[in-house]
Structure formats: C-alpha cells, structure tokens
Amino acid sequence: MSNSSLLDRYAALDSAAVSDALDQLGLPAGVGGIRPVWGPMAVVGFAVTVGLEPRSGRPAGAHIATTAIETADEQSVIVVDNQGRTDVSCWGGILSLGAARRGVRGVVADGVCRDVAEARELGFPVFSRGAIPATARGRLRQRATGEPVEIAGLTVEQGDVVVADETGLAVVPRERAEEVAEIATAIVVRERAIADEVRAGARISRAMHDDRLAGERETAR
C-alpha cells in the first residue's frame with residue numbers, strides 16, 4: 001500500500017477507533033491531554049520527531065524545530081517532546097508559518113504553544129497541552145530530531161503514524177500501520193451498525209455488547 005493510500009485510510013478513522021485496534025493487538029492505546037488549541041480539527045500523518053531539553057547555559061544552535069520543518073513534507077506531522085512542560089512555549093507562530101509553507105499537516109506537542117491566533121489564521125493544526133506566551137528563547141534547545149521521543153507516555157519513532165483529534169492522540173508503529181488500519185476500519189463498521197440499530201429503536205442493552213464491539217458476533221441478540 002502506498003503512503004498516500006495508508007494515510008487516506010487513517011483519515012477516515014478517529015483516535016478512538018485506532019486506540020481500540022491498538023488495544024486488540026496489545027499495543028499502547030491512545031492517550032488524552034493533548035488537544036487542538038483552536039477550533040475542531042483532526043490530523044493524520046507520518047511523525048517527524050523533535051526532542052527538546054532545557055538550555056541550561058549550553059549553546060542555543062538553530063531555533064528549536066526548524067531542522068525538522070526543513071526535512072518534513074506534505075505527509076508529515078511534527079511531533080515535539082518537551083516532557084509535558086507547561087511553563088514555556090515549545091511552538092510558535094513563525095514555526096507554524098514555516099511548517100504550513102512546507103505543506104506539513106500539523107504539529108503535536110507534549111508541552112504548550114503560543115501565537116494561537118497566528119496558527120488559526122494560517123489554518124495550521126496545533127495540538128498541545130495548552131498555550132502560554134513565554135518564549136523558548138534562552139530556555140529550551142533542540143536535543144535531537146529524527147530520534148525516538150516520548151509524548152504523554154507514548155514512544156514515537158520517526159515515520160510512525162500519528163492520529164490526533166478532539167478526543168486525543170494515538171500513535172501507530174509504522175510496521176504495524178496496515179494491520180491496525182484494517183482492524184480499526186472493521187471496528188468503525190461494527191459501531192456504525194450498532195448505532196443504526198439504536199436509532200431504529202433497538203434497546204441499547206441488546207444492541208451494544210462488549211463481545212459484539214470486539215467483533216465476536218455480528219448481530220445483536
């Protein structure tokens with residue numbers, strides 16, 4: 001399956017369905033706490049990772065995340081590991097502008113961002129733990145890019161599939177992505193069938209069973 005086709009399949013899913021599929025395979029489920037900072041939105045793409053650390057007097061080097069943006073493309077989601085810090089921004093307006101101009105699909109940050117209005121004006125999806133005006137300059141430096149990072153307890157490797165929406169975040173190991181998409185798609189089909197039965201007047205206790213949701217039976221009894 002091509003990368004574009006794979007991302008199209010995930011674009012038809014949400015974080016809950018992907019999380020359920022990960023659960024069925026014994027992989028880490030989705031997490032909450034990282035949400036869109038403006039408007040309802042969802043983003044799906046291949047991870048381009050950025051690891052940050054306190055500057056602590058070390059040379060600053062290139063501004064955080066700029067090297068990741070320059071290597072990203074229209075199938076990428078920038079994933080920023082700032083260890084969940086909420087006292088300093090790890091993403092801002094010029095980064096949103098640079099990423100948007102590269103065609104990047106969005107950013108997911110385990111930290112907080114700033115310049116929310118600029119991201120909204122660009123239509124650029126930003127997911128984080130919130131917003132703060134405090135700058136990263138003099139406070140943070142880039143530890144690595146393209147290396148494994150940790151986001152809200154999930155390990156994210158370069159190229160993993162990232163699914164973020166208003167519910168939360170799910171991360172799919174690239175080598176399991178087709179398998180997870182297949183299971184998640186079947187979950188969506190089953191849940192839509194159950195919802196249709198409830199809308200048609202079926203008792204929810206009869207239409208909705210854990211075994212049915214897991215695919216162990218096809219019709220409610």
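For the single chain, residues carry numbers from 1 onward in sequence order.
Looking at every heavy atom in both residues, Ile64 comes nearest to Cys90 through CD1-O, 3.6 Å. Heavy-atom minimum distance, Ile187 versus Ala17: CD1-O, 4.0 Å. In terms of heavy atoms, Val161 sits closest to Ala177 at CG2-CB, 3.9 Å. Between Pro36 and Asp165, the shortest heavy-atom distance links the atoms CD-O, 3.9 Å. Scanning all heavy atoms of the two residues, the minimum distance from Asp160 to Pro173 falls at OD1-CA, 3.5 Å. Taking every heavy atom of both residues into account, Leu169 and Ser15 meet most closely at N-CB, 4.5 Å.
Shown here are the salt bridge (charged side-chain N to carboxylate O under 4.0 Å, His left out) partners of Arg129, two or more places apart in sequence or in another chain: Asp110. For Arg35, the salt bridge (charged side-chain N to carboxylate O under 4.0 Å, His left out) test picks out no residue, with sequence neighbours left out. Considering only residues two or more places apart in sequence or on other chains, Asp196 meets the salt bridge (charged side-chain N to carboxylate O under 4.0 Å, His left out) condition with Arg199.
Clustering ILVMFWY residues whenever any of their side-chain heavy atoms sit less than 4.5 angstrom apart, transitively, puts Val107 in the very cluster that holds Val43. By the criterion of side-chain heavy atoms lying less than 4.5 angstrom apart, applied directly or through intervening Ile, Leu, Val, Met, Phe, Trp or Tyr residues, Val162 is grouped together with Leu154 in one hydrophobic cluster. Residue Val112 is not grouped with residue Val116 when hydrophobic side chains (ILVMFWY) are merged at heavy-atom distances under 4.5 angstrom, including chains of intermediate members.
At least one donor-acceptor pair under 3.5 Å links the side chain of Trp38 to the backbone N or O of Phe124. No donor-acceptor pair under 3.5 Å is formed between the side chain of Asp23 and the backbone N or O of Gly26. Although no hydrogens or angles enter the test, the distance criterion places a donor-acceptor pair under 3.5 Å between the side chain of Asp81 and the main chain of Glu150. A donor-acceptor pair is defined here as one N or O able to donate and one able to accept, closer than 3.5 Å; no such pair exists between the side chain of Gln24 and the backbone of Ala184. When atom types are taken as modelled, the side chain of Tyr10 and the backbone of Val18 share no donor-acceptor pair closer than 3.5 angstrom. For Thr49 (side chain) and Thr145 (main-chain N/O), no donor-acceptor pair under 3.5 Å exists by modelled atom type. The backbone N or O of Ala65 lies less than 3.5 Å from a partner atom in the side chain of Gln142, making a donor-acceptor pair. Formation of a donor-acceptor pair under 3.5 Å by the Arg105 side chain with backbone atoms of Val44 is found in this model.
Side chains of Asp73 and Ser76: a donor-acceptor N/O pair is present below 3.5 angstrom, by distance only.
Within the 4.5 Å cutoff, side-chain heavy atoms of Val188 are placed close to those of Leu13. The side-chain heavy atoms of Met41 and Pro125, taken from C-beta on, include a pair separated by under 4.5 Å. The shortest distance between side-chain heavy atoms of Cys113 and Val37 falls below 4.5 Å. Proximity of Trp91 to Asn82: side-chain heavy atoms (C-beta onward) are nowhere separated by under 4.5 Å. The shortest side-chain heavy-atom distance between Gln158 and Val48 falls under the 4.5 Å cut-off. Within the 4.5 Å cutoff, the side chain of Val50 has no heavy atoms near those of the Val149 side chain. In this structure the side chain of Thr86 never reaches within 4.5 angstrom of the side chain of Ile132, judged on heavy atoms. Looking at heavy atoms from C-beta onward, Phe46 lies out of side-chain contact with Val77 at the 4.5 angstrom threshold.
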Start with the C-alpha distance between Thr71 and Arg102, add both sets of side-chain angles, then the distance that settles side chain to side chain contact (heavy atoms under 4.5 Å, CB included), and finish with yes or no.
-> CA-CA 9 Å; Thr71 61; Arg102 291 282 297 180; 6.0 Å; no
Might you work through the side chain to side chain contact (heavy atoms under 4.5 Å, CB included) test for Val172 and Leu22, ending with a clear yes or no?
-> CA-CA 8 Å; Val172 183; Leu22 291 165; 4.3 Å; yes
Please assess Leu6 against Arg174 for the test side chain to side chain contact (heavy atoms under 4.5 Å, CB included), listing each intermediate value before the final yes or no.
-> CA-CA 10 Å; Leu6 181 64; Arg174 181 64 183 84; 3.6 Å; yes
Stepwise, does the side chain to side chain contact (heavy atoms under 4.5 Å, CB included) test hold for His63 with Leu95?
-> CA-CA 9 Å; His63 192 280; Leu95 292 176; 4.2 Å; yes
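Among the candidates Arg143, Arg139, Arg85, the single residue satisfying the side-chain contact (heavy atoms from CB on, under 4.5 Å) test with Pro54 is Arg85.
Atom CD1 of Ile94 has 12 or fewer neighbouring heavy atoms from other residues, nucleotides or ligands inside a 6.0 Å radius.
Between the CD1 atom in Ile34 and the CD1 atom in Ile151 there is a gap of 6.0 Å [rounded to 0.5 Å]. To the nearest 0.5 Å, the span separating CD1 on Ile194 from CZ on Arg192 amounts to 12.5 Å. Note: Asp20 CG to Arg190 CZ = 9.0 Å, rounded to the nearest 0.5 Å. Here the straight-line distance linking atom CZ of Arg114 with atom OG of Ser96 works out to 11.5 Å at 0.5 Å rounding. In this structure, Leu7 CG and Ser2 OG are separated by 8.5 Å, a value rounded to the nearest 0.5 Å.
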